[in-house]
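One structure is given below, encoded as structure tokens.
What you are looking at is a predicted structure, and each value in this text was computed from that prediction instead of being measured.
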Amino acid sequence: MGSDSQNQLSSVTRIPPLLGASKAELTAWVQEQGQPAYRGEQLYQWIYQKGVRSLADITVFPKQWREKIADIPIGRSTLYYRSVAPDETVKYLLKLEDGLIIETVGIPSENRLTVCVSSQVGCPMACDFCATGKGGFKRNLAAREIVDQVLTIQEDFKRRVSNIVFMGMGEPLLNLKNVLAAVRSLNQDLGIGQRNITISTVGIRERIRQLAEYKMQFTLAVSLHAPNQPLREKLIPTARAYPLPELIAECREYVKITSRRLTFEYILLAGVNDLPSHAAELAQLVRGFQSHINLIPYNPISEADYQRPSRQRIEAFTKLLRQKNIAATIRYSRGLEANAACGQLRAFQAAN
């Protein structure tokens with residue numbers, strides 16, 4: 001083989017998966033392969049609008065070039081398992097290139113299709129009530145592996161995804177670089193508005209402030225689950241590294257910098273954090289800045305012995321918050337019967 005042929009082969013084998021690349025990056029790549037710049041636009045359309053899984057299937061490309069680049073990965077995962085709940089929520093297990101499995105959830109309604117995406121394989125935060133935390137942490141997801149989840153659901157539902165919530169497996173702020181790269185791609189390449197994207201976090205020291213400096217338009221949701229530090233540490237052992245008063249101070253600073261309302265998530269656990277005294281503490285904790293509380297009745301998992309409060313207890317807790325002029329909404333999770341609801345996603349590893 002001549003040196004020119006070897007150089008051409010080497011340039012091809014060094015190419016990373018193409019999913020997650022911008023239109024400019026894809027155009028530069030096709031030009032490096034000796035193709036005209038307009039092929040970059042075609043490649044961009046086929047990856048992000050058509051959801052193609054193989055370069056060999058891009059029929060607008062010359063056959064000879066398609067054959068040459070057929071083995072270059074686009075970066076799509078493999079559907080490993082699919083489960084549909086009675087409310088039409090669909091849970092997907094996706095097999096990654098290294099054999100690890102992640103979960104993602106499609107939540108349809110009449111006017112929108114929401115995707116709950118994972119940002120890590122497993123989660124290091126070890127929340128006591130969460131199935132993902134019980135399974136431990138494997139690794140961060142690449143930006144393309146996050147975007148792929150949305151394309152998979154869009155392809156399966158045969159309709160456009162309108163909303164994204166980073167509430168699947170993992171702690172997004174521990175994978176901030178790739179999460180922000182994925183947000184860029186979801187916004188610019190898939191056309192999903194930043195205001196329709198929510199990033200959920202337990203709270204990582206300095207990361208909320210760092211996120212504020214980007215001044216992006218997505219919604220930030222902070223998982224509290226307790227109104228005081230001792231109870232929060234019991235529910236979220238890793239929270240001992242970040243005292244609640246410091247977390248709330250950073251949240252206040254986020255609102256000041258971004259001028260955007262911040263959401264707090266609070267999973268209601270029967271007899272644990274749903275008492276009137278807890279509601280009073282919570283109201284005092286979040287008073288005085290632009291925020292909203294999503295109250296999420298607990299979704300049971302086999303690995304933990306917590307229970308969901310009664311509807312009467314849930315409504316009483318909500319009423320107490322509202323009486324203290326705290327904006328609060330009850331959010332019942334979809335996909336409960338398919339183990340696809342909030343806190344039910346697990347870390348899996350495929351068999352070789």
Evaluate the criterion side chain to side chain donor-acceptor pair (under 3.5 Å) for residue pair Asp148 and Ser77; output intermediate values, then yes/no.
CA-CA 7 Å; Asp148 170 75; Ser77 62; 2.4 Å; yes

Stepwise side chain to side chain donor-acceptor pair (under 3.5 Å) check, Gln120 with Asn175
CA-CA 7 Å; Gln120 296 178 312; Asn175 188 20; over 6 Å; no

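In this structure, Phe137 has no ring pair (Phe, Tyr, Trp, His ring centres under 6.0 Å) partners at least two apart in sequence or on a different chain. Listed by chain and residue number, nothing satisfies the ring pair (Phe, Tyr, Trp, His ring centres under 6.0 Å) test with Phe166 (two or more places apart in sequence, or in another chain). With sequence neighbours excluded, the residues forming a side-chain contact (heavy atoms from CB on, under 4.5 Å) with Glu206 are Arg209, listed by chain and number. In this view, Phe61 and Trp65 satisfy the ring pair (Phe, Tyr, Trp, His ring centres under 6.0 Å) rule, not counting sequence neighbours.
Separation of the Tyr92 and Tyr80 ring centroids does not fall under the 6.0 Å cut-off.
For the atom pair CZ of Arg76 and CG of Leu96, the computed distance is 12.0 Å after rounding to the nearest 0.5 Å.
Note on residues 231-246: pairs passing salt bridge (Lys or Arg N to Asp or Glu O under 4.0 Å), not counting sequence neighbours, are Arg205-Glu246.
The closest side-chain heavy-atom distance from Leu141 to Arg139 is below 4.5 Å. Residues Ile208 and Leu173 form a side-chain contact, since some pair of their non-hydrogen atoms from C-beta on lies under 4.5 Å apart. Here the side chains of Leu93 and Ile102 are not in contact, with every heavy-atom distance at 4.5 Å or above. Using a 4.5 Å heavy-atom threshold, the side chains of Phe218 and Leu180 count as touching. Residues Ser200 and Ser223 meet the side-chain proximity criterion, which asks for heavy atoms closer than 4.5 Å. Looking at heavy atoms from C-beta onward, Asp57 lies out of side-chain contact with Leu55 at the 4.5 angstrom threshold.
Within the 3.5 Å criterion, the main-chain N or O of Asn294 finds no donor-acceptor partner in the side chain of Glu265. With hydrogens and angles disregarded, no donor-acceptor distance shorter than 3.5 Å links the side chain of Glu41 to the backbone of Tyr38. Thr258 places a side-chain N or O within 3.5 Å of a backbone atom of Arg260 that can act as its donor or acceptor partner. Side-chain N or O atoms of Gln229 include one that pairs as donor or acceptor with a backbone N or O of Leu244 at under 3.5 Å.
Arg82 and Asp156 are joined by a salt bridge, as a carboxylate oxygen and a charged side-chain nitrogen come within less than 4.0 angstrom of each other. Using a cut-off of 4.0 Å between Lys/Arg side-chain N and Asp/Glu carboxylate O, Glu155 and Arg53 are scored as salt-bridged.
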Only pairs under 3.5 Å count here: list side-chain donor-acceptor contacts from residues 270-283, not counting sequence neighbours, and write none if there are none.
from	atom 1	to	atom 2	distance (Å)
Asn273	OD1	Leu269	N	2.7
Asn273	ND2	His225	O	2.8
Asn273	ND2	Ile267	O	2.7
Asp274	OD1	Gly271	N	2.8
Asp274	OD1	Arg313	NH1	3.2
Asp274	OD2	Arg313	NH1	3.1
His278	ND1	Asp274	N	3.4
His278	ND1	Leu275	N	3.1
Glu281	OE1	Asn228	ND2	3.1
Glu281	OE2	Asn228	ND2	3.4

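Applying the 6.0 Å contact sphere to CZ of Phe289 captures more than 12 heavy atoms from other residues, nucleotides or ligands.
Arg261 and Gln290 are not linked by any side-chain donor-acceptor pair at a separation below 3.5 angstrom, with hydrogens and angles left out of the test.
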